[in-house]
Amino acid sequence: MLQVSFLRQNRDLAKKKLAIKHFAQPDLVDTVIDLDDERKQLQASFDETQAKVNSASKEIGALMAKGDKEKAEATKTAVGEWKKQLEPLKEKMAQVEIDLQNALVQFPNLPHDLVPLGKSPEENVLVREGGVRPKLPAGAEAHWDLIKKYNLVDFETGAKITGSGFPLYIGKGAKFQRALVQYFLDFNTAAGYTEYLPPFMVNAASAFATGQLPDKEGQMYHATEDDFYLIPTAEVPVTNIFRDVVLKEADLPLQMTAYSPCFRREAGSFGKEVRGLNRVHQFEKVEIIQIVHPDKSDEVLNDMVAHVEKLLVSLGLPYRILKLCGGDMGFASAITYDFEVYSAAQERWLEVSSVSNFQAYQTYRMKCRFKDAAGKIQFAHSLNGSSLALPRIFAAIVENYQTESGIALPKALQSYFGAENLI
RNA sequence: AGAGAGGUGUCCGAGUGGUUUAAGGAGCACGCUUGGAAAGCGUGUAUACGGCAACGUAUCGGGGGUUCGAAUCCCUUCCUCUCUGCCA
């Protein structure tokens, strides 16, 4: 959520930056400031009257103690009059506050200065490419054929148990998932991240804080009986650890990592793009999250990008890093780098990680603050990234490491899997 | 799921309708004292909104109500603990 005070002081800049994100209603900036003016005015007159009521009430207490009933009664009448004035003010103020809130939540985060212009994924900027594309054996297959051939994942039975997009991992496929999770978590904790295992369902307040609600309600599974949401990413529960918290400056940076299954309803895509493990409703992911001093978030974003890159390099997969353009970025993000690995058999790039700096967009929404050296309260910055999303890594390894007789494994994973080859 | 007890400041904890402007204690910070430390003494120690400021307003888990006045009374909801039940 954007801060009104910021919009007030940077009206034109805000509009300019919203345009980079292709935000359709720049005039909403003016609406918000007008509503805030109205709120201030209402509060001033409300406070003034309420102050009179409070001091008169105290007086009544003193008069009663003295036994001056007559004067006490007279004061009561006066207070009654003021309270009548208060009623409509209170109602109006509540309405203005709701209107203001409803307007504010519509703003996406403003893009960082480094964000390139552009509308669609084609306009994302290639930062760098790494790794080597493997020479596949003749008759190389895509992962959806390989997992069938070697009985690693059974989509049909998953669909029978639940529905389409809920894969059932079997035997070595299941063990391989476990090995990946374990490896990613160890890799992250070795870099200083603290491991968490969070709840996989969250309440509405948490979903609001990280920006899933109110707009993206349809993308989450909702357990209506208890009003809980299945998490679309561990970012939601883990970032919410620090909702309504005032930290000490010395606590920063906070570095967290968490494994969780992720649940996404994501309606809308068809065909080859969603085949096999490319897009599913339930998948596993290991996430990294940081809460940092606002002066440090640019630097930390680079650290996180370097961290994920190192992890990909250790898996020996061909990858590229993209800086997302304004039109392709997420709602809450100020700047995002996407990681893609090359699927040799599908001959296309698969997104496996997305690392973003949210600056104060989430922390303002969830009131995550810290007290600086001067004793002033400031909003922290939050960042997160996947490290890594499993299904597409699974797919990429299966495809890129296929041999004539089976599937090999990156060195880093062999001890975790307990064998030199997957098959 | 049933019955009961609770939720107060950074922490512990008092407070059952009106000088509570939330007692008292601990912790922390600063100062005094000291050769240095401890002890002692003093001062300070929540957040949000409005205001140049003085200050005002709100907040005792959340929401609503009664009252001139609510931490305190009523309703509702969430959470924690104990016992019982069920359960991996």
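Hydrogens, waters and symmetry mates play no part in the numbers below; they use all other heavy atoms, side chains included. Chain letters run A, B, ... following the sequence lines, proteins first, then strands; residues in each count from 1.
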*Between A:K58 and A:F46, just flag the one whose closest nucleotide in RNA chain B comes earlier from the 5' side.*
A:K58
*More than 12 heavy atoms of other residues, nucleotides or ligands under 6.0 Å from NZ of A:K148: is that the case?*
no
_Rounding to an integer number of Å, can you tell me how far A:L86 CG sits from B:U67 C1'?_
15 Å
*Phosphate oxygens OP1/OP2 of B:A58: is one of them under 4.0 Å from a side-chain N or O of A:Q50?*
yes
*Give the rounded distance in Å between these two atoms: CD of A:E87 and P of B:G65.*
8 Å
*Sticking with atom P, work out how far B:G17 lies from B:A26, rounded to a whole angstrom.*
30 Å
_Spacing of A:D227 atom CG relative to B:G63 atom P, expressed in whole Å_ = 18 Å
_Please report the distance separating the C1' of B:G9 from the corresponding atom of B:C83, rounded so that it comes out in whole Å._
32 Å
_Please give the distance between the C1' atoms of B:U77 and B:C28 as a whole number of Å._
36 Å
*Could you give the distance separating B:C87 and B:G7 at their C1' atoms, to the nearest angstrom?*
28 Å
*asked:* Partner lookup for B:G17, please. Criteria are Watson-Crick or G-U wobble with both distances under 3.5 angstrom; report none if nothing qualifies.
replied: none
*Please say which of A:S386, A:S354, A:S356 ends up in a side-chain hydrogen bond (donor to acceptor under 3.5 Å, both in side chains) with A:D338.*
A:S354
*Would you indicate whether A:K15, at its atom NZ, is surrounded by more than 12 heavy atoms from other residues, nucleotides or ligands within a distance under 6.0 Å?*
yes
*Taking C-beta and beyond as the side chain, do A:M366 and A:F208 meet within less than 4.5 Å on heavy atoms?*
no
*Of all of residues 92-101 of chain A, which get a heavy atom below 4.0 angstrom from RNA chain B, listed by number?*
none
*Does B:U72 pair with anything, Watson-Crick or G-U wobble, both distances under 3.5 Å, and if so, with which nucleotide?*
none
*What is the pairing partner of B:A58, taking Watson-Crick or G-U wobble pairs with both distances under 3.5 Å in any strand?*
B:U47
*Base-pairing assignment for B:C83 (Watson-Crick or G-U wobble, both under 3.5 Å)*: B:G2
*What distance separates A:Y361 OH from A:R365 CZ, expressed to the nearest 0.5 Å?*
5.0 Å
_Integer-rounded Å distance: B:G69 P and A:W82 CH2_ = 12 Å
_Looking at B:G7, which nucleotide sits across from it as a Watson-Crick or G-U wobble partner, both distances under 3.5 angstrom, or is there none?_
B:C78
*Quick one: look up who B:U67 pairs with, Watson-Crick or G-U, both distances under 3.5 Å, and put none if it's unpaired.*
none
*Evaluate ring-ring contact (aromatic ring centres under 6.0 Å, His included) for A:F176 paired with A:F394, printing each intermediate quantity in order.*
CA-CA 8 Å; A:F176 187 40; A:F394 191 116; 5.2 Å; yes
*In whole angstrom, give the distance that lies between atom CG of A:L247 and atom P of B:U10.*
14 Å
*Looking at A:Y364, is A:K367 sitting on its ring face, NZ or CZ under 6.0 Å from the six-membered ring centre and within 45 degrees of the normal?*
yes
_Rounded C1' spacing from B:A70 to B:A22 in Å_ = 13 Å
*How would you label the contact of A:A51 with the nucleic acid (heavy atoms, under 4.0 Å): base, sugar-phosphate, or nothing?*
sugar-phosphate
*Strand partner of B:G40, provided both Watson-Crick or wobble distances fall under 3.5 Å*: B:C32
*asked:* Angle between ring planes, A:F200 versus A:Y259, binned at 30° and 60°: parallel, tilted or perpendicular?
replied: perpendicular
*Nearest-Å distance, CD (A:Q85) to P (B:C68)?*
17 Å
_Using whole Å, what does the distance between atom C1' of nucleotide B:A1 and atom CD of A:E225 come to?_
14 Å
*asked:* Give me the distance, rounded to whole Å, that separates B:U10 from B:U47 when you measure between the P atoms they each carry.
replied: 8 Å
*Euclidean distance, A:H143 NE2 relative to A:N278 CG, rounded to 0.5 Å*: 5.0 Å
*Quick one: what's the B/S/- string for nucleotides 43-55 of chain B, heavy-atom cutoff under 4.0 Å, read 5' to 3'?*
----SSBSS----
_Non-hydrogen atoms of A:A14 and A:L110 that approach each other most closely_ = O-CD2, 3.9 Å
*Can you tell me, in whole Å, how much space there is between the P of B:A5 and that of B:U57?*
37 Å
*When you compare B:G61 with B:U72, how far apart are their P atoms, in angstrom units rounded to a whole number?*
8 Å
*Rounded to whole angstrom units, what separation is found between the NZ atom of A:K76 and the C1' atom of B:C68?*
6 Å
*asked:* So, OP1 or OP2 of B:A58: does either fall under 4.0 Å of a side-chain N or O from A:N54?
replied: yes
*Name the orientation class of the two ring planes belonging to A:H281 and A:F166 (parallel below 30°, tilted from 30 to 60°, perpendicular beyond 60°).*
tilted
